[in-house]
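These numbers come from the heavy atoms of this one structure, side chains and all, not from hydrogens, waters or symmetry mates. We number each residue from 1, following the sequence as shown.
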Amino acid sequence: LPGDLVFHHIGLACRDMARDRRDHEFLGYRAEGPEFTDPTQRIRGLFMTLGPMRVELLEPLDETSPLHAYL
């Protein structure tokens, strides 16, 4: 990547974060920390890692979440 940019993670929109978490754990991913809520973005999230790979599972908090556009 040019300059000082470093790849951090891929965000994955989920309808059911608990199910997607189990699927990622089956593949070897582990939670990097606790689940979190972002009321500004209207999402619930969780970072998971597998070696150098990091994904962020993202689930809408409610029907007003802009994440629905990706689902």
Side-chain angles (χ1 to χ4, degrees):
L1 295 173
D4 294 330
L5 296 177
V6 177
F7 180 79
H8 190 263
H9 71 278
I10 295 173
L12 302 173
C14 305
R15 292 187 193 282
D16 181 345
M17 192 166 61
R19 182 194 65 215
D20 286 15
R21 178 182 183 162
R22 287 189 303 272
D23 290 347
H24 278 79
E25 286 173 341
F26 177 77
L27 295 172
Y29 281 82
R30 296 294 171 246
E32 186 175 50
E35 290 183 16
F36 60 89
T37 300
D38 184 336
T40 302
Q41 295 186 57
R42 312 282 316 137
I43 59 98
R44 179 177 300 107
L46 175 69
F47 282 99
M48 300 190 79
T49 59
L50 175 60
M53 292 298 302
R54 179 183 285 122
V55 296
E56 181 183 17
L57 304 181
L58 301 163
E59 178 184 70
L61 278 179
D62 58 32
E63 302 77 36
T64 67
S65 174
L67 193 57
H68 284 288
Y70 298 96
L71 293 169

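With values rounded to the nearest 0.5 angstrom, Glu63 atom CD is found 6.0 Å from His68 atom NE2. For the atom pair Glu59 CD and Arg21 CZ, the distance stands at 12.0 Å (nearest 0.5 Å). Between atom CZ of residue Arg15 and atom CG of residue Leu71 there is a gap of 4.5 Å, rounded to the nearest 0.5 Å. Taking CG of Leu67 as the start and OG1 of Thr64 as the end, the distance is 11.0 Å to the nearest 0.5 Å. In this structure, CG on Asp23 lies 10.0 Å from CE on Met48, to the nearest 0.5 angstrom.
The heavy-atom pair separating Asp38 from Leu61 by the smallest distance is O-CD1, 4.1 Å. For Gly45 against Leu58, the heavy-atom pair with the smallest separation is CA-CD2, 4.3 Å. Minimum interatomic distance between Arg30 and Glu25 (heavy atoms only, all atoms of both residues): NH1-O, 3.2 Å. Scanning all heavy atoms of the two residues, the minimum distance from Cys14 to Asp20 falls at SG-OD2, 3.1 Å. Closest approach of Gly33 and Leu46 over heavy atoms only: O-CD1, 3.3 Å.
Under the 30°/60° scheme for interplanar angles, the aromatic rings of His9 and Phe47 are found to stand perpendicular.
Both Leu27 and Met17 belong to a single network of hydrophobic side chains, linked directly or stepwise wherever heavy atoms of I, L, V, M, F, W or Y lie under 4.5 Å apart. Under a hydrophobic-cluster definition in which Ile, Leu, Val, Met, Phe, Trp and Tyr are linked whenever side-chain heavy atoms come within less than 4.5 Å, directly or via other members, Phe7 and Tyr29 are assigned to the same cluster.
For Tyr70, the OH atom sits in a loose shell: 12 or fewer heavy atoms of surrounding residues, nucleotides or ligands are nearer than 6.0 Å. For Arg19, the CZ atom is densely surrounded, since the number of other residues' heavy atoms within 6.0 Å is greater than 12.
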